[in-house]
Amino acid sequence: MSPHILILGGTTEARELAAALASRPQVRVTTSLAGRVTRPGTVAGELRIGGFGGAEGLADWLRMEQVDALVDATHPFARAITAHAARAAATTGVPSVVLCRPGWRPGPEDRWHPVDSLDEATQLLPSLGRRVFLTTGRTELAAFARLTELHFVVRSVELPEPPMPPHTEVLLARGPFTVADESKLLHDHCIDVLVTKDSGGTATSAKLTAARELALPVVVVRRPPLPDGVRTVPDVAGVQKWLDQLGSP
């Protein structure tokens with residue numbers, strides 16, 4: 001029977017991994033997406049959309065679909081699904097790994113203000129600027145809704161849902177974006193502070209370069225900790241090496 005690999009996706013690395021594994025002979029690859037975006041990009045192999053029903057539901061799915069290896073390639077801030085994946089893997093005995101791309105690191109010319117939560121970011125923002133480029137995700141705007149004196153620019157693939165700050169301008173666009181793109185956005189919208197999560201990787205890092213070149217302050221929300229005992233690799237090549245060590249073709 002062909003080995004079955006489940007990828008918990010939603011990131012650039014997840015799509016790259018699915019394409020790499022789908023090209024291997026006699027390997028069944030399924031990518032699972034949470035369903036927050038109605039028009040996801042093309043993914044190689046099989047695709048399922050929607051939640052599993054917590055750790056227990058995921059464990060049941062692993063057994064029913066006879067999954068041989070589980071790869072958590074979700075966003076670094078997808079704390080709940082990462083915890084569920086770790087529990088489901090431990091319950092079923094399915095080998096698992098977290099594809100955890102390295103976080104960003106500030107350079108000497110960066111004006112970063114690290115915080116541990118969105119709430120801490122909201123407390124800091126009024127002292128840094130009045131026009132904010134907010135890139136923490138369209139589902140988490142409610143945390144900033146109380147900042148009624150600030151103007152927010154939010155870029156999203158789809159329209160965010162309320163609650164959100166009263167002075168919010170939404171830009172519908174899908175990345176990746178170049179440094180020139182980001183510099184133009186910051187300039188055209190008179191942005192004086194950027195808020196982001198430490199997503200890591202290169203897919204969304206152009207905004208940091210643009211902010212550095214314009215000497216703008218950047219509020220960076222630190223990543224949540226990973227569950228105890230999980231195995232991590234930094235990239236797609238690391239996952240492939242791990243699978244080879246398991247004996248997957």
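Bear in mind that the values here come from a model prediction, so they are computed numbers and not experimental data.
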Within this structure, what is the [atom1]-[atom2] distance for the pair [X] and [Y], rounded to the nearest 0.5 Å?
X      : Y      : atom1 : atom2 : result
Leu194 : Leu216 : CG    : CG    : 7.5 Å
Ile191 : Glu182 : CD1   : CD    : 11.0 Å
Thr209 : Glu109 : OG1   : CD    : 11.0 Å
Thr136 : Arg138 : OG1   : CZ    : 12.5 Å
Thr168 : Leu134 : OG1   : CG    : 8.0 Å
Leu17  : Glu13  : CG    : CD    : 9.5 Å

Would you call [X] and [Y] a side-chain contact if the rule is heavy atoms closer than 4.5 Å?
X      : Y      : value
Thr196 : Leu208 : yes
Thr11  : Thr74  : no
Phe133 : Leu186 : yes
Thr135 : Thr204 : no
Val153 : Leu171 : yes
Glu140 : Lys197 : yes
Val219 : Val132 : no
Ser183 : Glu213 : yes

Backbone N or O of [Y] within a donor-acceptor pair of the [X] side chain at under 3.5 Å?
X      : Y      : result
Thr178 : Asp181 : yes
Arg48  : Thr31  : no
Asp68  : His4   : yes

Output side-chain donor-acceptor pairs under 3.5 Å for residues 81-90, partner residues at least two apart or in another chain, one line each.
| unit_1 | atom_1 | unit_2 | atom_2 | d |
| --- | --- | --- | --- | --- |
| Thr82 | OG1 | Asp72 | OD2 | 2.8 |
| Thr82 | OG1 | Ala78 | O | 3.2 |
| Arg87 | NH2 | Glu56 | OE2 | 2.9 |

Considering residues at least two apart in sequence or located in another chain, which fulfil the salt bridge (charged side-chain N to carboxylate O under 4.0 Å, His left out) criterion with [X]?
X      : value
Asp235 : none
Glu120 : none
Asp188 : Lys184
Arg28  : Glu46, Glu65

Subject >> From Ile5, Leu47, Leu6, residue fulfilling side chain to side chain contact (heavy atoms under 4.5 Å, CB included) relative to Thr30 >> reply: Leu6
**OP:** Would you mind listing every ring-ring contact (aromatic ring centres under 6.0 Å, His included) that reaches into residues 177-211, with sequence neighbours excluded?
**Re:** none
Subject >> Those residues that, when tested against Ser199, pass side chain to side chain donor-acceptor pair (under 3.5 Å) (two or more places apart) >> reply: His75
How would you list, by chain and number, every residue that makes a side-chain contact (heavy atoms from CB on, under 4.5 Å) with [X], sequence neighbours excluded?
X      : value
Pro106 : Asp110, Trp112
Asp60  : Arg63
Thr232 : Val98, Cys100, Leu226, Val230
Pro234 : Pro102

Please list every donor-acceptor pair under 3.5 Å in which a side-chain atom of residues 144-151 meets a protein atom from a residue at least two apart or in another chain.
| unit_1 | atom_1 | unit_2 | atom_2 | d |
| --- | --- | --- | --- | --- |
| Arg146 | NH2 | Thr122 | OG1 | 2.9 |
| His151 | NE2 | Glu169 | OE1 | 3.3 |

Original post:
Hey, are Arg222 and Asp198 close enough for a salt bridge, meaning a charged N less than 4.0 Å from a carboxylate O?
Top reply: no
**OP:** Please report the C-alpha distance between Arg223 and Asp116 in whole Å, then the side-chain angles of each, then the deciding distance to 0.1 Å, and finally whether the salt bridge (charged side-chain N to carboxylate O under 4.0 Å, His left out) criterion is met.
**Re:** CA-CA 8 Å; Arg223 295 180 178 185; Asp116 290 320; over 6 Å; no
**OP:** Please report the C-alpha distance between Asp119 and Gln123 in whole Å, then the side-chain angles of each, then the deciding distance to 0.1 Å, and finally whether the side chain to side chain donor-acceptor pair (under 3.5 Å) criterion is met.
**Re:** CA-CA 7 Å; Asp119 182 65; Gln123 297 177 44; 2.9 Å; yes
